[in-house]
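Whatever order the structure lists ligands and atoms in, that order sets their numbers, starting from 1. For clarity, every value in this text was computed on a predicted model and none was experimentally measured.
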Amino acid sequence: MDMQIKAPLEKKDRPVLITGPCSAETEEQVMATAEQLANLNIEVDLFRAGIWKPRTRPNNFEGIGFEGLRWLRKVKDTYGFRVTTEVANTQHVFEALKIGIDVLWLGARTTVNPFSVQEIADALKGVDVPVFIKNPINPDLKLWMGAIERIYKAGITRIGLVHRGFSQYGHTIYRNVPQWQIPIELKQTFPDMMLICDASHICGSREHLFEVSQTALDLNYDGVMLESHIDPENAWSDAKQQVTPYQLQDQILSRLVARKTGQDDDNFLSNIEDLRARIDVIDKELIQQVANRMQIAEMIGSYKKQNNIAILQSSRWNEIFTKVMEQAGPLGLSEEFVSKFLKAIHQESIYHQEKIMRMESNQKVE
Ligand code: PEP
Ligand code: MN
């Protein structure tokens, strides 16, 4: 499908900033957050607040509903910010447009469902409003593309992408793992489409917001979406990941380095710095995975200790070795390299297991 897509926001020679609370809770909370943002030394390109909240489990705050739209309108009239909210059905679209919301966004739980996306696309026919489309909750590039196509076919030409990471079973440092290769691949199909990193929903905590935002800029993203709240600790949703407007400025935005300024993305793939940034991301993930493997080795170590089993089990090692070597050839990796790599990892695992074996039995194994 040949698409002529325009940017939903003006591209700047600095990262675009979308910020505001996860949810609109009260008029005071929305206005106070906007006021503090307006008084800082930052430029807010779009003020966000969720009015209808898709919560994973019931009995949580599910959004303030229609009356919250009025508060967003007030933010727009008082501080001159353009405003945005998530829409998930026809009625949301109509109400948001009626009150003058400038930009709409589709959430991850909507993008995942073609029925919902189509319903919104139908509601948008004949309307000229910019729309951001978040990635679906599962790492399915085609589903994300499908949503873009449905919205575009409805006549919307100003479309942007928001990368908010992907659900994964099990514990990781992220709430939603970034899987950077997916938005990067999408960017290969749509080189000019505005791409924003929603570091807040990737991280799920305040801890890695800066680092994830910086990685996004290193990968040539156009900007960031970061949730900010006047009183994050007491937020009614996503309390752990929100920051105050001051923290947003001092701890994140002022430290971010934008590698390139004011350039089109035409050279995205040929640009050596982009390729290097992609390698850096992969290296980081590799080391994280090796560390995860060592943790499991330690658990095995503690099991062996309890049951008085020797660390080195040759038959198990031979089995691993043969299996991985078989995998190497078709992937274009030399036997010599894979053999060295595997032996080094195995040796490190043995050190980790030995460490456990040597521990006093009353010491806690982490
Ligand atoms: C949000 O932006 O507050 C939100 C609900 O995000 P997501 O759709 O990415 O989960
Ligand atoms: Mn949120």
Side-chain angles (χ1 to χ4, degrees), residues 8 16-25 29-30 33 44-58 60-65 68-69 71-72 83-89 92-93 96 101 103-113 116-117 120 131-140 143-144 147-148 151 160-168 174-179 182-183 186 195-209 212-213 216 221 223-245 248:
V16 161
L17 174 64
I18 305 177
T19 189
C22 176
S23 305
E25 299 163 8
Q29 167 253 1
V30 171
T33 306
V44 176
D45 297 288
L46 202 51
F47 181 89
R48 62 150 284 156
I51 301 292
W52 303 281
K53 301 303 298 179
R55 305 310 298 278
T56 305
R57 302 181 67 181
N60 287 306
F61 173 59
E62 302 209 301
I64 201 72
L69 289 175
W71 310 335
L72 278 179
V83 292
T84 185
T85 199
E86 173 177 352
V87 289
N89 61 36
H92 295 169
V93 172
I101 301 297
V103 176
L104 307 178
W105 95 72
L106 270 60
R109 292 163 194 77
T110 300
T111 309
V112 81
N113 182 351
S116 301
V117 176
I120 294 168
V131 176
F132 276 103
I133 304 178
K134 286 201 174 196
N135 67 257
I137 44 181
N138 56 329
D140 186 339
L143 211 44
W144 202 358
I148 300 166
I151 298 297
L161 305 174
V162 177
H163 170 217
R164 51 77 81 196
F166 302 89
S167 287
Q168 179 169 286
Y174 302 109
R175 173 175 174 190
N176 293 293
V177 287
Q179 304 232 30
I182 293 176
L186 194 60
L195 176 59
I196 304 288
C197 174
D198 173 355
S200 300
H201 291 90
I202 288 178
C203 293
S205 72
R206 289 178 264 281
E207 206 183 331
H208 301 290
L209 289 174
V212 167
S213 303
Y221 280 46
V224 286
M225 179 188 268
L226 289 159
E227 288 180 337
S228 57
H229 189 290
I230 193 74
D231 181 11
E233 308 282 337
N234 293 305
W236 297 0
S237 60
D238 291 352
K240 289 205 193 94
Q241 71 196 31
Q242 304 202 61
V243 290
T244 64
L248 175 72

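Using modelled atom types, one side-chain atom of S228 and one backbone atom of G20 make a donor-acceptor pair closer than 3.5 Å. Formation of a donor-acceptor pair under 3.5 Å by the W71 side chain with backbone atoms of E25 is not found in this model. Looking only at distances, a side-chain donor or acceptor of N135 sits under 3.5 Å from a matching main-chain atom of R164.
For the side chain to side chain contact (heavy atoms under 4.5 Å, CB included) criterion with S116, the lone passing option out of V87, T111, T110, L106 is T110. Paired with Q241 under the rule side chain to side chain donor-acceptor pair (under 3.5 Å), one option of E207, R206, R175 passes, and it is R175.
For ligand 1, the atoms sitting less than 4.0 Å from at least one non-hydrogen atom of K134 are 1 (C), 2 (O), 4 (C), 6 (O), 7 (P), 8 (O), 9 (O), numbered in the order shown with element in parentheses. Proximity to E86 (heavy-atom distance under 4.0 Å) selects the following atoms of ligand 1: 5 (C). For ligand 1, the atoms closer than 4.0 angstrom to any heavy atom of R109 are 7 (P), 8 (O), 10 (O). Atoms of ligand 1 found under 4.0 Å from any heavy atom of G107, numbered from 1 in the order shown, are 8 (O). The contact set between ligand 1 and R164, taken as ligand atoms under 4.0 Å from a residue heavy atom, comprises 7 (P), 9 (O), 10 (O). For ligand 1, the atoms closer than 4.0 angstrom to any heavy atom of H201 are 1 (C), 2 (O), 3 (O), 4 (C), 6 (O).
Remark: at the Mn ion (ligand 2), atom SG from C22 and atom NE2 from H201 enclose 170°, rounded to the nearest 10 degrees.
The Mn ion (ligand 2) is closest to atom OE2 of E227 (considering only N, O or S atoms). Note on D238: its N/O/S atom closest to the Mn ion (ligand 2) is OD2.
Any N or O atom pair closer than 3.5 Å counts here, and R48 shares at least one such pair with ligand 1. Residue D198 has no nitrogen or oxygen atom sitting less than 3.5 Å from a nitrogen or oxygen atom of ligand 1, judged on distance alone.
For atom 8 (O) of ligand 1, the closest non-hydrogen atom of the protein is A108 N, 2.9 Å.
Between the side chains of H229 and D238, no donor-acceptor pair is found at a separation under 3.5 Å.
For E227, the closest heavy-atom approach to ligand 1 falls below 4.0 Å.
Electrostatic pairing of R48 and E227 counts as a salt bridge here, judged by a charged N lying under 4.0 Å from a carboxylate O.
Between W52 and H92, the ring planes are parallel. Angles under 30° get that label, and only those over 60° would be called perpendicular.
Residues M225 and F132 have side chains not in contact (no heavy-atom distance under 4.5 Å, counting atoms from C-beta outward).
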